[in-house]
Amino acid sequence: MSYGRVLTIQDISCFGQCSLTVALPILSACGHETCVLPSAVLSTHTGGFTGFTFRDLTEDMPSIKDHWIKEKISFDAIYTGYLGSTRQIDYVKDIFAAFDKEGCLKVVDPAMADNGKLYYGFDDKFVAEMKTLCGKADYLVPNITESCFLTDTEFKTEYDEAYIKELLVKLAALGCKNVILTGVSYAPGTTGAVVYENGEYYYYKHDKIANGCHGTGDIYASAFVGSLLHGKTAYDSAKIAADYVLACINETIKDETHWYGAKFEPVLGKLIESLKQ
Ligand code: PXL
């Protein structure tokens, strides 16, 4: 499909290059109509700032959904990211159920943790509820930390293929159809994504530069969805998203003052080009 209609459900961090401020331009650059359901509005993201504002939009969700149903609005894909409350996850499941027409792709990025830790504000109850949302996904796009929380597995910084395969099997047992596991590194200087599709395991390896940047998980998931909806295979979409994130990091590390997000905008052209190939 070259022109799809995507609904993305995640927060607006007004400053900080993540969530909707990243998903919207990336999905648009991939050529899709994008609809949003903001989960919360924050003055900044929570990764490195203090004193940020947080407006939870949980209560708005059911009436927004009901209006869309009344208007007979439909989506080709629903992609969820950072959610604002544990109860909101139930409403997101209602939205999945209400708009799950034939062929509607459901992609869940369980954006809640990184580097072995949950993000500020999340707890075990949120994780338990997130497991049930992950079970509804056609494609789940977690990092290793999130996978460990979702599967009650010990987080390791050094691991082998057996550890990753065990994580994938446990993630699939949640009920999701396919998994794209990001940030999988078996050797120094390299990292990559594992695509676990229909029980088959594929690894796309690429260079690892620096320690990454804040918001790259959101960039990755958005580029993955944009590419998948464009008609690329899951493996090609995982590869396109990985190459794009790498280009974003290369662009960002030139500027030491840019610690809060990744400069994804100057390299949007590369993403668009890769979709043409
Ligand atoms: O990039 C993930 C993300 C999204 N939204 C908010 C966040 C974070 C990560 O810290 O704080 C508000």
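Note that ligands are numbered from 1 as they come in the structure, with each ligand's atoms numbered from 1 the same way.
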When you compare ligand 1 with Tyr119, is there at least one nitrogen or oxygen pair between them that comes in under 3.5 angstrom?
no

Report the nearest protein non-hydrogen atom to atom 3 (C) of ligand 1: residue, atom name, distance rounded to 0.1 Å.
Tyr82 CD1, 3.8 Å

Distance from atom 2 (C) of ligand 1 to nearest protein heavy atom, with residue and atom
Asp218 OD2, 3.5 Å

For atom OH of Tyr120, is the number of surrounding heavy atoms from other residues, nucleotides or ligands below 6.0 Å larger than 12?
no

Ring-ring centroid check Phe149 Phe122, cutoff 6.0 Å
no

Check each heavy atom of Gln10 against ligand 1 and say whether those closer than 4.0 Å belong to the side chain, the backbone, both or neither.
neither

Quick one: do the Asp243 and Tyr204 side chains pair a donor with an acceptor below 3.5 Å?
yes

Mark up the atoms of ligand 1 that fall under 4.0 Å of a heavy atom belonging to Ser13, in ascending order.
6 (C), 12 (C)

Please confirm whether Gly217 approaches ligand 1 to less than 4.0 Å, judged on its heavy atoms.
no

Hey, which atoms in ligand 1 end up nearer than 4.0 Å to a heavy atom of Cys18?
1 (O), 4 (C), 5 (N)

Donor-acceptor side-chain pairing of Lys208 and Ser185 below 3.5 angstrom
no

Going by the order shown, which atoms of ligand 1 are within less than 4.0 Å of some heavy atom of Leu42?
12 (C)

Quick test of your reading of the model: are Asp60 and Arg55 salt-bridged, counting only N-O distances below 4.0 Å?
no

What about the rings of Phe52 and Phe15, do their centers lie closer together than 6.0 Å?
no

Are Lys276 and Glu273 close enough for a salt bridge, meaning some N to O gap below 4.0 Å?
yes

May I ask you to list the atoms of ligand 1 that are less than 4.0 angstrom from any heavy atom of Thr46?
7 (C), 10 (O), 11 (O)

Measuring from non-hydrogen atoms of Ser19 to any atom of ligand 1, is the shortest distance under 4.0 Å?
yes

Salt-bridge contact Asp138-Lys106 (side-chain N to carboxylate O under 4.0 Å):
yes

Look at atom 5 (N) of ligand 1 and say which protein heavy atom is nearest, naming residue and atom and giving the distance to 0.1 Å.
Asp11 OD1, 2.8 Å

At a 4.0 Å threshold, what atoms of ligand 1 neighbour a non-hydrogen atom of His214?
1 (O), 9 (C), 10 (O)

